[in-house]
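One structure is given below, encoded as structure tokens.
Just so it is clear: chains get the letters A, B, ... in the order the sequence lines come, proteins before strands, and each one is counted from 1.
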Number of protein chains: 2
Amino acid sequence: MSNVPLPDAQATLGALLRRPYEYLQTKVYGGLAARGFPDIRPAHSSLLRYIRPEGSRVVDLAERAQITKQSMAYLVGDLESLGYVTVVPDPDDGRAKRVVLTSRGQAVWATLIELSQTLEDHCADLIGTADMATLRRILQDLSQALGPRD
Amino acid sequence: MSNVPLPDAQATLGALLRRPYEYLQTKVYGGLAARGFPDIRPAHSSLLRYIRPEGSRVVDLAERAQITKQSMAYLVGDLESLGYVTVVPDPDDGRAKRVVLTSRGQAVWATLIELSQTLEDHCADLIGTADMATLRRILQDLSQALGPRD
DNA sequence: TTTTAATAGACAGAAAGTCTGTCCATTTAC
DNA sequence: GTAAATGGACAGACTTTCTGTCTATTAAAA
């Protein structure tokens, strides 16, 4: 009687988005490991995605990554101990510090972007460049429509 | 000199996929909480996504969700203690057990699907039904092209 | 200008969710 | 009928997140 799980949990929009997202995630972090950055983990992307060239404060990073400042502070400490970032005092605010990428941090950042591009090119090969362009366009429209922040 | 973070980590395909994915995730679990299921957490979706009406074994769930059987066993134990699933012996295999949704589990499952559909409809309103259909079509093609499993 | 608010971060502790490693019971294969 | 494979249980660890509290400093208000 109870044939409940069948309108297919695999056909939701969320499921469709998850598949390529996890593919990219796996390939990117695998690629980083293969290129000499085996200690960079997915959690670190919360910092790497939002850090600015001139350095960023912990609160700002936390807010953009949508996690608590304590969680971001943990990631900063972790990446600091791994040699990817340094923390320097903020010249404009005695309370604050700035998180800055070391040269190794810049290297990992550049590799991240390069891998992302390569992976996207691979996907474009699979579905065609026209569809990839359309996919990007629609996702961008959707992001915009969802608002800059919830 | 070092203007490294600027080819824009926010413009990658991964970033574009993440935005709507996290939106859906937030809204779905918020919606579940609002509808009387505040104890269902995102991690539980690894089980809820793959459980079958006739019940599923832990190893099967783990394999489909791409986590270890120990991790899946943890989720099973958790959902069992919350009253969403029960574990019954597998009639065909003395070693095995079957994880089965309780009626409350079926209720949360149905609510999950309903929320997903409502959210997708909302997105379709934002970008138009034509674009939503195209988005689905392309994501489905991409999933297919990426292969059934890595 | 002093007092009060808000802000940036540090520290402590806890919890969720994942992993590895080991073990037993049962089933399948030779 | 023994050996290998399989489903699951148990123990322990680690990562990543959270809440709560605290200090130092800055900004706002009196």
Side-chain angles (χ1 to χ4, degrees), chain A residues 18 22 25-26 29-30 32-33 37-52 54-82 84-100, chain B residues 18 22 25-26 29-30 32-33 37-52 54-82 84-100:
Chain A
R18 188 173 53 249
E22 286 183 351
Q25 173 117 321
T26 303
Y29 288 90
L32 283 180
F37 306 108
D39 45 9
I40 294 292
R41 300 188 298 274
H44 295 138
S45 61
S46 285
L47 187 156
L48 295 173
R49 274 204 288 272
Y50 299 110
I51 194 167
R52 310 281 236 99
E54 71 277 16
S56 302
R57 291 176 312 164
V58 173
V59 265
D60 290 346
L61 290 171
E63 203 241 324
R64 281 184 262 178
Q66 302 266 64
I67 61 177
T68 61
K69 57 185 183 175
Q70 290 92 330
S71 297
M72 184 54 77
Y74 161 77
L75 295 173
V76 169
D78 204 41
L79 285 172
E80 188 179 22
S81 77
L82 294 172
Y84 292 98
V85 303
T86 49
V87 179
V88 301
D90 188 314
D92 306 338
D93 188 336
R95 297 166 300 181
K97 297 184 172 177
R98 288 217 186 136
V99 184
V100 186
Chain B
R18 188 172 54 249
E22 287 183 351
Q25 173 117 321
T26 303
Y29 288 90
L32 283 179
F37 306 108
D39 44 9
I40 295 292
R41 301 186 298 275
H44 296 137
S45 60
S46 286
L47 187 156
L48 295 173
R49 275 204 286 272
Y50 298 110
I51 195 168
R52 310 281 237 99
E54 70 276 16
S56 302
R57 291 177 311 165
V58 173
V59 264
D60 291 345
L61 289 171
E63 203 242 324
R64 281 184 263 178
Q66 302 266 65
I67 61 178
T68 61
K69 57 183 182 175
Q70 291 92 329
S71 297
M72 184 54 77
Y74 161 77
L75 295 174
V76 170
D78 203 42
L79 285 172
E80 188 179 21
S81 76
L82 293 171
Y84 292 99
V85 303
T86 49
V87 180
V88 301
D90 188 315
D92 306 338
D93 188 335
R95 297 166 298 180
K97 298 185 172 177
R98 289 216 186 138
V99 184
V100 186

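- Nearer to the 5' terminus of DNA chain C, by closest-nucleotide assignment, is the contact made by A/V87 (compared with the other of B/Q70 and A/V87).
- Put simply, chain B comes within 4.0 Å of DNA chain D, heavy atom to any atom, from D/dA5 to D/dC10, going 5' to 3'.
- Pair assignment for D/dT26: none, as no Watson-Crick or G-U wobble contacts are both less than 3.5 Å.
- The pairing partner recorded for C/dA5 is none, the criterion being a Watson-Crick or G-U wobble arrangement whose two distances lie under 3.5 angstrom.
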As a quick check of understanding, evaluate side-chain contact (heavy atoms from CB on, under 4.5 Å) for B/L48 and B/I40, giving each step before the final call. CA-CA 10 Å; B/L48 295 173; B/I40 295 292; 4.2 Å; yes

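- Taking a heavy-atom distance under 4.0 Å as the criterion, the stretch of DNA chain C touched by chain B extends 5' to 3' from C/dA16 to C/dT27.
- Along DNA chain D, the nucleotide nearest to A/G94 and the one nearest to B/K69 differ in position, and the one closer to the 5' end is contacted by B/K69.
- Here the side chains of B/D78 and B/L47 are not in contact, with every heavy-atom distance at 4.5 Å or above.
- Not a single salt bridge (Lys or Arg N to Asp or Glu O under 4.0 Å) links B/R49 to another residue, sequence neighbours left out.
- Take the nearest nucleotide of DNA chain D for A/T68 and for A/R95: the residue whose nucleotide is more 5' is A/T68.
- Looking only at distances, no side-chain donor or acceptor of A/R98 sits under 3.5 Å from a matching main-chain atom of A/G55.
- Using a 4.5 Å heavy-atom threshold, the side chains of A/L79 and A/V99 count as separate.
- At the heavy-atom level, A/D93 lies under 4.0 Å from the strands shown only through sugar-phosphate atoms.
- Taking 4.0 Å as the cut-off between side-chain N and carboxylate O, B/D60 and B/R52 do not count as a salt-bridged pair.
- A salt bridge is absent between A/D92 and A/R57: the closest approach of a Lys/Arg side-chain nitrogen to an acidic carboxylate oxygen does not fall below 4.0 angstrom.
- C/dA10 shows a glycosidic angle more than 90° from 0 and is accordingly assigned anti.
- Side-chain contact check for B/V58 versus B/K97: every heavy-atom pair is 4.5 Å or farther apart.
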